[in-house]
Protein chains: 2
Amino acid sequence: MTTEPPYLSIATEIRGRIQTGVLAPGDRVPSTRAITREWGVAMATATKVLAALRQEGLVRVEPGVGTVVVDPRQARQATAPALTRARIVRAALELADSEGLNALTMRRLATVLDTSAMALYRHVPGKGELVRLMADEACGEVPLGPVPGHWRPGLERAARWLREVYARHRWMAQAMASFTRPVASPNAMAYTEWVLAVLWETPLTSSQKLHTHLTLFAFVQGLALADDLEEQARLDTGLSDGEWMEQNEPRFDAMQSGHPYPLLDAVTRDGGFELSLESLFEFGLRRTLDGVAAMIDETSG
Amino acid sequence: MTTEPPYLSIATEIRGRIQTGVLAPGDRVPSTRAITREWGVAMATATKVLAALRQEGLVRVEPGVGTVVVDPRQARQATAPALTRARIVRAALELADSEGLNALTMRRLATVLDTSAMALYRHVPGKGELVRLMADEACGEVPLGPVPGHWRPGLERAARWLREVYARHRWMAQAMASFTRPVASPNAMAYTEWVLAVLWETPLTSSQKLHTHLTLFAFVQGLALADDLEEQARLDTGLSDGEWMEQNEPRFDAMQSGHPYPLLDAVTRDGGFELSLESLFEFGLRRTLDGVAAMIDETSG
DNA sequence: ACCTGAACACCGTTCAAGT
DNA sequence: ACCTGAACACCGTTCAAGT
């Protein structure tokens, strides 16, 4: 008789009860608590027992009820889809969207996907590459549409597209790779190609076209980062904007009284205007496009 | 035979050279660069080697010379000054500058300062606040100078100042807090105040002044982030730009052949122009200022 | 072929204990 | 008053072992 780990022999016993019909589909199997009592084992062992049975697809967790026996006829369809790179990237995207890039760890991702952390490494080389795949996926979600006939509405649409990608996935601001070492992302490259197509009708040089593209990119990227840091702070501290301001006002005032900033004071006290990332985007986009227009005029004239 | 971390065995070897007199007091021990060459390890490992030896009191950094062997008779007086917030922030700044924000951990910082990690918490509330203090310190290093008489040279100087702060401390791109939740940094606030002073002579509204300031900020911030990701990639992989490109070219070409990007191809093949973060900065700054000029003309006219 | 568990070398931060 | 060591609850990733 081989000495197998306790959790395995307990699992075998429960498996027997299911196979002999002592426990029918829908019935609750012993809870972890019940297992510790019945077999006199530690909680960790009991948890392992249920995890093993769940992994075999014999039982599943019914929220609010407990762990119940799966109906074998339904088992096939209820079974989790096989682990694939696409499924991993999707889940990672959702996790980062809802909780930020910091919350995306290989271990948490594995739990969400109901596997071990190491199973992920069979489909993805590591976390760095995963984030790169996520960024590419994100860039593929929103269609760019046809290239407009004129450069100005074209650049405007490009900037709005980029802004939307960042707005849907704030963490991308931190992930987007450098300009000079372009991330190997087909979808990001497609964006570059689209912008160049927009600029093709202009008399700009190749250098000017590329610089125009990257200037717009840097501006939107800068805004996105601010947006992301904002969001991150909210997630980390659990405070909304207003609450944060309220909490930090005394400290702020103290700083102000020590170092007075009369102009900033005057400007903000002026009030009566919107200041948001949205208004900033519109304002900056307008200025940048006006600047490009001036350059095109010079070149043509 | 136990397999100890590479940095430890290298440290042991250098320690041996000191103890056997191969390296005498005052002699330079191998620099980080020399260590990477001699043992074929990454920069991070080489830095760890020297940090370990420094911590043992066997070597010390001689500014302008390198890391030299300490004379054991003088070792006592060379004792480190008391731990202060200023000293911690300084050391953190240097660590982040040379190895990136990821390498800045409380534990490593403590080793550099020759104390325990927990001693730091007596002077600084935590890592988040430390980074904020570092950012403020960085903004205080470069003087802004007098406010020029005209807005355009003024904004230009502001942008160059910001660019220089980021260039000296690349990690700041990741650390700089959001626009709407201004970091409580007197020195960053002083910059805002300076830009507003520059714009005071213009006929712009308060809203336009603030938006102009933040647009410029977002652009420089976006560039800085690209710069930082670039640097980070270099530190992480230990590859220079050229080496990286060389190594990834096959993969790149494969991607290109699968998804052809004819316009990007044409533009880059055109060549004969500079494309760097510096050229991008100059280009984008020019466009942005032209856009602001157009707005001012409209307002005046 | 695919997945797992234990292990390694790390984190930031707490807490009780030392000097 | 100031610093330390052990501990906690985490990381990403390796490796050998399991099914």
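Letters A, B, ... are given to chains in the order of the sequence lines, protein chains preceding strands, and every chain is numbered from 1. Note that the coordinates shown come from a computational prediction; the quantities given were computed from them, not determined experimentally.
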TODO: State whether A/R87 and A/E137 are salt-bridged, where the test is any N-O pair (Lys NZ or Arg NE/NH1/NH2 against Asp/Glu carboxylate O) under 4.0 Å.
DONE: no
- [ ] With C1' as the reference atom in both, quote the distance from D/dC8 to C/dC10 in angstrom, rounded to an integer.
- [x] 14 Å
Task: Nucleotide forming a Watson-Crick or wobble pair with D/dA9, both distances under 3.5 Å - done: none
Task: Student check: side-chain heavy atoms of B/V29 and B/V68 closer than 4.5 Å - done: no
Open item on the list: Partner lookup for D/dA16, please. Criteria are Watson-Crick or G-U wobble with both distances under 3.5 angstrom; report none if nothing qualifies.
Closed with: C/dT4
Open item on the list: As a test of reading the structure: which of C/dT4, D/dT13, C/dT13 is closest to the side chain of B/K127, going by heavy atoms?
Closed with: C/dT13
TODO: Evaluate side-chain contact (heavy atoms from CB on, under 4.5 Å) for A/R108 paired with A/T105, printing each intermediate quantity in order.
DONE: CA-CA 5 Å; A/R108 274 218 47 200; A/T105 69; 3.4 Å; yes
TODO: Specify the separation, in whole Å, of atom CG of A/D114 and atom P of C/dC2.
DONE: 19 Å
TODO: Scan A/M118 against the nucleic acid and name what it touches under 4.0 Å (heavy atoms): base, sugar-phosphate only, or nothing.
DONE: base
- [ ] Round to the nearest Å and state the distance from A/H123 atom NE2 to C/dA1 atom C1'.
- [x] 10 Å
Task: Value in whole Å for how far the P atom of D/dC11 lies from CG of A/L101 - done: 14 Å
- [ ] Round to the nearest Å and state the distance from B/L104 atom CG to C/dC10 atom C1'.
- [x] 15 Å
Task: Salt-bridge present (B/E99, B/R170; N to O < 4.0 Å) - done: no
Task: Student check: side-chain heavy atoms of A/M134 and A/M172 closer than 4.5 Å - done: no
- [ ] Name the closest nucleotide to the A/Y121 side chain, picking from D/dG12, C/dC3, C/dG12.
- [x] D/dG12
Open item on the list: I want to confirm an ordering. Mapping A/R122 and A/M106 to their closest nucleotides on DNA chain D, which one lands closer to the 5' end?
Closed with: A/M106
Open item on the list: Could you check whether the side chain of A/R107 and the base of D/dT13 have a donor-acceptor pair of N or O atoms closer than 3.5 Å, going by distance alone?
Closed with: yes
- [ ] Identify which nucleotide among C/dT13, D/dT13, D/dC3 has an atom closest to any side-chain atom of A/A117, counting heavy atoms from C-beta outward.
- [x] D/dT13
Open item on the list: Please determine whether a side-chain nitrogen or oxygen atom of B/T105 lies at a distance below 4.0 Å from atom OP1 or OP2 of C/dC11.
Closed with: yes
- [ ] Nearest whole angstrom, please: distance from the C1' of D/dC2 to the CG of B/L120.
- [x] 13 Å
Open item on the list: Measure CZ/B/R108 against P/C/dC11 and give the value in whole Å, please.
Closed with: 8 Å
Open item on the list: Tell me the interatomic distance from B/N102, atom CG, to D/dC11, atom C1', rounded to whole angstroms.
Closed with: 13 Å
